[in-house]
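Given the structure is predicted, the values throughout are model-derived calculations rather than measurements. Within every chain, numbering begins at 1; the chains are lettered A, B, ... in the order of the sequence lines, protein sequences first and strands thereafter.
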2 protein chains.
Amino acid sequence: MTQNISRDKSKKRATILDGAIDVFINMGFELASMDKIAETAGVSKRTVYNHFGSKENLFQAIVDDFLAQRQSLKTITYNPEEYLAEQLLAFANAEIFLIDSPKRLGLSRFLTRVFLNDIKYARETVSKYPPSHLMLLNWLKEAVEDNKIKSDNLLLTARVFYAMIEGAITWPALFTDGINKAAVEPMISEIITTFLARYGNA
Amino acid sequence: MTQNISRDKSKKRATILDGAIDVFINMGFELASMDKIAETAGVSKRTVYNHFGSKENLFQAIVDDFLAQRQSLKTITYNPEEYLAEQLLAFANAEIFLIDSPKRLGLSRFLTRVFLNDIKYARETVSKYPPSHLMLLNWLKEAVEDNKIKSDNLLLTARVFYAMIEGAITWPALFTDGINKAAVEPMISEIITTFLARYGNA
DNA sequence: TGTAAACTACACCGTATAGTGTAATTATCT
DNA sequence: AGATAATTACACTATACGGTGTAGTTTACA
């Protein structure tokens, strides 16, 4: 009678994922060969296939891991004691965090590329996670009730805020060498000032 | 003595470019095969190579054409007689025009993908053309002199405006089915209101 | 230490692709 | 109509890649 003894595969799996991420980031999906991925991970190609079955599966595993991690953001809740500007800065910093390391930045670039390649896939994938504006929406609701923010269309207001953050910070970072914290500081400050000039209850 | 009579190649060239654009947009650079491009253009593969020499050259020709066309935007100049909101709307509409047809939208997506693939190439390519904020910068300068706009940092002010337009309109359009003019109208209006709430001289 | 799962090395297949060479055909200008 | 530039059809090369099969080696656990 043979027992079903199975060893821990999670370490090799992580090693493969790391190597694959590296290659995907630097070469893109199409030009990333499975041989190159195996070599970069320091693993035989056969092992890559034994773990993931196909290039598509390997890719999907990376995407799922990445988006799940992104989802686990620290929540920000309205605090009536704190300056609005301080709290809005926390929202901005949460966005910046997402592209603040070379790996996260690279993965963001890579995923953006893939999404632009297949809009339908992009929509389906993104829709599996709660919308990014949700947290700010809740925050705005409480701030309006507290008479600190004036807005008769919270969704529009939230979208204006994220438009500024993404248009001024996130997207430019993808096309340059990433975030220079000192350099973006005046821009963030200006964005928050602009936001409060429009929606702050003076 | 043979004369050097050469026929007009520009039409075939345009045909090839059209087909290539189509295939590049739908399959991306790597997966766009020269056979497929030739077939789509309704031209023999040999002719494609006779015209462009390589896939790289063909791609580069498309990029150059596209960016040169983009550059030939109608200029917008400051008009002291017209409402600021009206004039800012013209800037917004100029941005929207760039992604307003399926072909321009597709090319924008494709180019964005390529640029994300090679940041260095993106910088070099984009730097061959004058920065997109230049026109607004000149406009702002005159509006400040006319006491209609208040700003002690015109560049920052211009960047805030384009951050809102791009973050709320341009980028989202790339990930969806493009621009729905009626749907973006309230957002543009809100952006201009926000901009004037901060920088308008009440 | 024995044993089975996990891994490696490596050869191999089918297919796709960028690019070339060439002979025949078509279109254009005088 | 004649000359020739442009185009076509097509065969062909070299290479690369996703994926598989297998025999042997390493690793971890009882």
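- For A/Glu124, the side-chain contact (heavy atoms from CB on, under 4.5 Å) partners at least two apart in sequence or on another chain are A/Lys120.
- Over its length, the helix from C/dT1-D/dA30 to C/dT30-D/dA1 turns its helix axis by 30°, as judged from the five terminal pairs at each end, rounded to 10°.
- Legend: residues meeting side-chain hydrogen bond (donor to acceptor under 3.5 Å, both in side chains) with B/Ser10, ordered by chain and number and at least two apart, are B/Asp8.
- The distance between atom CZ of B/Arg13 and atom P of D/dT7, rounded to the nearest whole Å, is 12 Å.
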Quiz item: What string of B, S and - do you get for nucleotides 9-20 of chain D, 5' to 3', if B is base contact, S is sugar-phosphate-only contact and - is no contact with any protein heavy atom under 4.0 Å?
Solution: B-------SBBB

Do any side-chain atoms of residues 154-171 of chain B form donor-acceptor pairs under 3.5 angstrom with protein atoms, and if so which ones, sequence neighbours left out?
from, atom 1, to, atom 2, distance (Å)
B/Thr157, OG1, B/Ser151, OG, 2.7
B/Thr157, OG1, B/Asn153, O, 3.0

Donor-acceptor pairs are to be reported for all side-chain atoms of residues 183-194 of chain A against protein atoms at under 3.5 Å, with residues two or more places apart or in another chain.
from, atom 1, to, atom 2, distance (Å)
A/Glu190, OE1, B/Arg198, NH2, 3.4
A/Glu190, OE2, B/Arg198, NE, 3.2
A/Glu190, OE2, B/Arg198, NH2, 3.0
A/Glu190, OE2, B/Tyr199, OH, 2.5
A/Thr193, OG1, A/Ser189, O, 2.9
A/Thr194, OG1, A/Glu190, O, 2.9

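- Following rounding to the nearest Å, A/Lys11 (NZ) and D/dT27 (P) show an atom-to-atom distance of 13 Å.
- Relative ring orientation between A/Phe59 and A/Phe29 is described as perpendicular, the plane-to-plane angle rising above 60° on a 0-90° scale split at 30° and 60°.
- Contact annotation: B/His51 side-chain N/O to D/dA6 OP1/OP2 distance is not under 4.0 Å.
- Between B/Lys12 atom NZ and D/dA5 atom P there is a gap of 18 Å when expressed in whole angstrom units.
- Side chain of A/Glu30 to main chain of B/Leu31: no donor-acceptor pair is present (N/O by atom type, distance under 3.5 Å, no hydrogens or angles).
- Evaluated for a side-chain contact (heavy atoms from CB on, under 4.5 Å) with B/Trp139, the options B/Leu134, B/Leu84, B/Asn79, B/Thr77 yield exactly one hit, B/Leu84.
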Quiz prompt | Step-by-step side chain to side chain contact (heavy atoms under 4.5 Å, CB included) determination, B/Leu116 to A/Phe175 | solution = CA-CA 6 Å; B/Leu116 283 174; A/Phe175 294 96; 3.7 Å; yes

